Structure formats: structure tokens, C-alpha cells
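What follows is a set of notes on a single structure, which appears directly below.
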Amino acid sequence: KLGEIVMLGAHDAGTVGQNEMACTQHSDFGEMLDAGVRYFDCRVTEVEGELSFVHANTNSPAFWGSELTLAEACDDIVAFVAEYPSEVIVLDFQHTWDNTEDKVIALLEQKLGAVALDKSLAAVPSEVTLGQMREWGKNVVIVYRTPEKCEQKDFLYEREEYLQSEYNSDIHSISKNKYEEKYPLLIAEWDKYIANKSEGKLFVLQSQITATGWLAEAEAKFRPIANDWLAGLEKAENADKLAAINIVMRDFVADDDIGSERASNEVFKIVVKLNAAKGLVDPELQEMLFEGENIA
């Protein structure tokens, strides 16, 4: 089921090209898909006549300026699923601003309507299996924030009802001189998120941090700690946490300026291994998948 599979997620996907106050990803959707990302946190408004990705409300110009439009991201998705028709992608429209909802929904319907799961096939997206998605020829699950809009469109699933994504801003926000004491608190917060997990929902583990102006440095310091915790879910004593883990969301998830060629490399390996630990990887493929460093 989609709610059981471990997936790699991108926080504030589409913010490529924004300034350091707002940029959380340096890769476009095609690059992130190639790197194994399957969940995208989407925040959209209209900038200079184009539906574009932004980090926060457009009343704050420091958070404008993405190089990526929603149309371009949709085109990347369509091209990707045409080449890899067995893949499934989750789009989480957490925010849209400035009365752009109707335009956003119209564009999604135009670009992705043919490949989007809809309520005539499945009432609860987390309960759908990969096999069913493949049988139906569907590749995309679109979760949307506004209940009234979801009632009007069968291909939109209401965010509050079908997705859980907890975020304690006091814990995730980390100032430059406080990270050594705050990182353990964030790790401990994940246990609370998992303990609060609801059945029948896609579950997003928000493992990104908020560090205004020094996010890349903060992510570099936090990444090995976060990866160690995630890898530790394979241990027998963490069986309950392993069962709960679903979508793992990160900053700079596919490509960054931290010094690694592909930031997702290590966490993607961990994600695949966690799926194997859940019994979701064909045993005959496991030796091939985990031989050496290359598990692509």
C-alpha cells in the first residue's frame, strides 16, 4: 500500500533559484525524480503572470524568485512517468496564494488529469497498492489543501483527511549557535510524530529544519545524525517505528552545495533498505540492489 512504502520526499520542492532565505532545493522536478524523490511538498502562487513555486506568502518578496513554474514541473512528471510507467508520485499542495487556486487546479487537470488517481477508483489513497496503480495506469496522487475544491474535483484528495504531516515549529527552528542542543530535541520529536500517526493517511516525517540564512550549513550538520536515526529503524527494537515510517521529507534532497555529488545518495540507500526490511522488496532482487555502492 502507498501508506506502507518508504518514500523520499522534497520539502518546498520547486524553490530552485531562490535566494538563500528561501531556497531549500537546488534541483528541478526531473532531477529530483531521477534521484529517487517520490513526494513533493508544493507551494504555488502567480509571479509575473506564471504559476510558480515559492517558499512562503508572496507578501514577503525575499521568498519569491523560483526559476521553476508549475507547468514545467508537471511536464517533468509527465515525461518521467511516460518513461517509467510503474512509478508513483505524491504531490502535496500545502499552500496556494493570491487567489490562484482555480488556475492551479485547471493546470493540474490539463497536465496530469490522465495519470492522476481519482475517487472513482479509490476513496483512500494510502490504502491503494502499487499493483492497483499500475493496473489502472495511474502514476500521481494529488493531495490538496482546500476541502471545497476537493469536493468539486475527483482527482483532488483533501489534505487534512488523507495526509498527516506534523510540524512543531519551535523544535524544527534552529539558530546558528543552538544546533548542538536542538538536534537531539528534533530527533526526539520524531518519536512523538510517529506515536501520533493516524491510520488511513499518508504519513510525512518532516525531517527538514528551519535555519534562516544558513540552511545549507545546518542541513550538512544534521544530515548524518538524521540518517543514523533512519537507518536504525532496521533494528528489531524499532519494529513499530519501521512499520509507521512512510514519507521522509528533506531539504536539498537530490542535489546540494554541501560537498556530495548527490545529496540523496545515502538517504536513498537507507530508504530502499527500509523497504526491504518491511518485506516490500523482491528477495531475488535484494542481492543485486545492495551489491557494492550502486543500488540504482
Side-chain angles (χ1 to χ4, degrees), residues 1-11 32 35-41 86-90 92 124-133 141 143 162-168 171-172 183-209 219 222-251 253-254 263-296:
K1 296 178 182 180
L2 299 186
E4 297 170 334
I5 298 167
V6 188
M7 306 181 206
L8 196 56
H11 169 241
M32 286 190 281
V37 178
R38 294 295 179 269
Y39 162 92
F40 297 85
D41 165 25
S86 66
E87 293 296 321
V88 173
I89 297 157
V90 178
D92 177 10
V124 182
S126 62
E127 295 294 312
V128 176
T129 68
L130 275 181
Q132 288 173 314
M133 294 289 286
V141 176
V143 183
Y162 297 111
L163 184 140
Q164 184 175 354
S165 184
E166 297 194 21
Y167 178 78
N168 183 336
I171 298 295
H172 285 262
Y183 288 164
L185 296 178
L186 179 51
I187 294 288
E189 197 71 9
W190 292 348
D191 291 336
K192 297 178 186 177
Y193 294 165
I194 289 172
N196 290 337
K197 183 177 184 292
S198 300
E199 293 302 316
K201 293 185 179 184
L202 296 167
F203 178 73
V204 180
L205 182 69
Q206 297 215 33
S207 54
Q208 81 283 0
I209 54 181
E219 173 64 19
F222 186 53
R223 177 168 292 158
I225 301 169
N227 283 351
D228 284 348
W229 180 89
L230 196 63
L233 298 185
E234 288 189 76
K235 297 177 181 177
E237 63 265 30
N238 290 326
D240 289 346
K241 295 177 187 178
L242 176 64
I245 207 76
N246 183 201
I247 296 164
V248 179
M249 184 163 68
R250 290 278 180 87
D251 289 319
V253 71
S264 71
N265 189 39
E266 186 62 29
V267 70
F268 180 68
K269 291 178 186 177
I270 295 169
V271 162
V272 175
K273 289 180 178 180
L274 292 179
N275 279 310
K278 284 190 171 197
L280 303 179
V281 177
D282 186 334
E284 294 182 5
L285 296 177
Q286 288 194 39
E287 184 176 351
M288 179 187 72
L289 285 169
F290 303 135
E291 183 178 0
E293 288 300 308
N294 181 13
I295 60 168

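Quick caveat, the model's predicted, so the values are computed rather than measured.
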Would you name the heavy atoms of Gly3 and Asn246 that are closest together and state the gap between them? O-CG, 3.5 Å

Can any side-chain N or O of Thr129 pair as donor or acceptor with the backbone N or O of Lys1 at less than 3.5 Å? no

Whether over 12 other heavy atoms sit under 6.0 Å from Asn168 CG: yes

Value for CZ (Arg38) from CZ (Phe268), rounded to nearest 0.5 Å, stands at 7.0 Å

Specify the closest pair of heavy atoms between Ile171 and Leu186, including all atoms of both residues, with the distance to one decimal. CG2-CA, 3.5 Å

Taking the side chain as C-beta and beyond, is there a heavy-atom pair between Arg223 and Arg250 under 4.5 Å? yes

From CD1 (Ile245) to CG (Leu230), nearest 0.5 Å: 6.0 Å

Measuring from His11:NE2 to Ser165:OG, what's the distance to the nearest 0.5 Å? 9.0 Å

Are Lys201 and Leu163 side-chain neighbours, meaning at least one heavy-atom pair lies under 4.5 Å? no

Step by step, work out the side-chain contact (heavy atoms from CB on, under 4.5 Å) result for Val90 and Leu2. CA-CA 9 Å; Val90 178; Leu2 299 186; 5.5 Å; no

Just checking, is any N or O donor in the side chain of Asn227 or Glu266 under 3.5 Å from an acceptor N or O on the other one? no

Separation of Glu189 CD from Gln206 CD (nearest 0.5 Å): 11.0 Å

Parallel under 30°, tilted from 30 to 60°, perpendicular over 60°: which one fits the rings of His172 and Tyr193? parallel

For Leu280, does its backbone N or O pair with a side-chain atom of Asn275 as donor and acceptor, under 3.5 Å? no

Which salt bridge (charged side-chain N to carboxylate O under 4.0 Å, His left out) pairs, counting each pair once, include a residue from residues 226-239, with sequence neighbours left out? none

Ala277 and Leu242: which non-hydrogen atoms are nearest, and at how many Å? CB-CD2, 3.9 Å

Distance col, row Glu87:CD vs Leu130:CG, nearest 0.5 angstrom, shows 8.5 Å

Side-chain donor or acceptor of Lys278 paired with backbone N/O of Ile5 under 3.5 Å: no

Residue list, ring-ring contact (aromatic ring centres under 6.0 Å, His included) with Tyr162, at least two apart or on another chain: Tyr157

Report yes if some heavy atom in the side chain of Ile247 is under 4.5 Å from a heavy atom in the side chain of Leu205; otherwise report no. no

Residues passing the ring-ring contact (aromatic ring centres under 6.0 Å, His included) test with Tyr39, sequence neighbours excluded, are none

Evaluate the side-chain proximity of Val281 to Lys273: yes if any heavy-atom separation is below 4.5 Å, no if none is. no

How many angstroms lie between CH2 in Trp190 and CG in Leu185, if you round to the nearest 0.5 Å? 12.5 Å

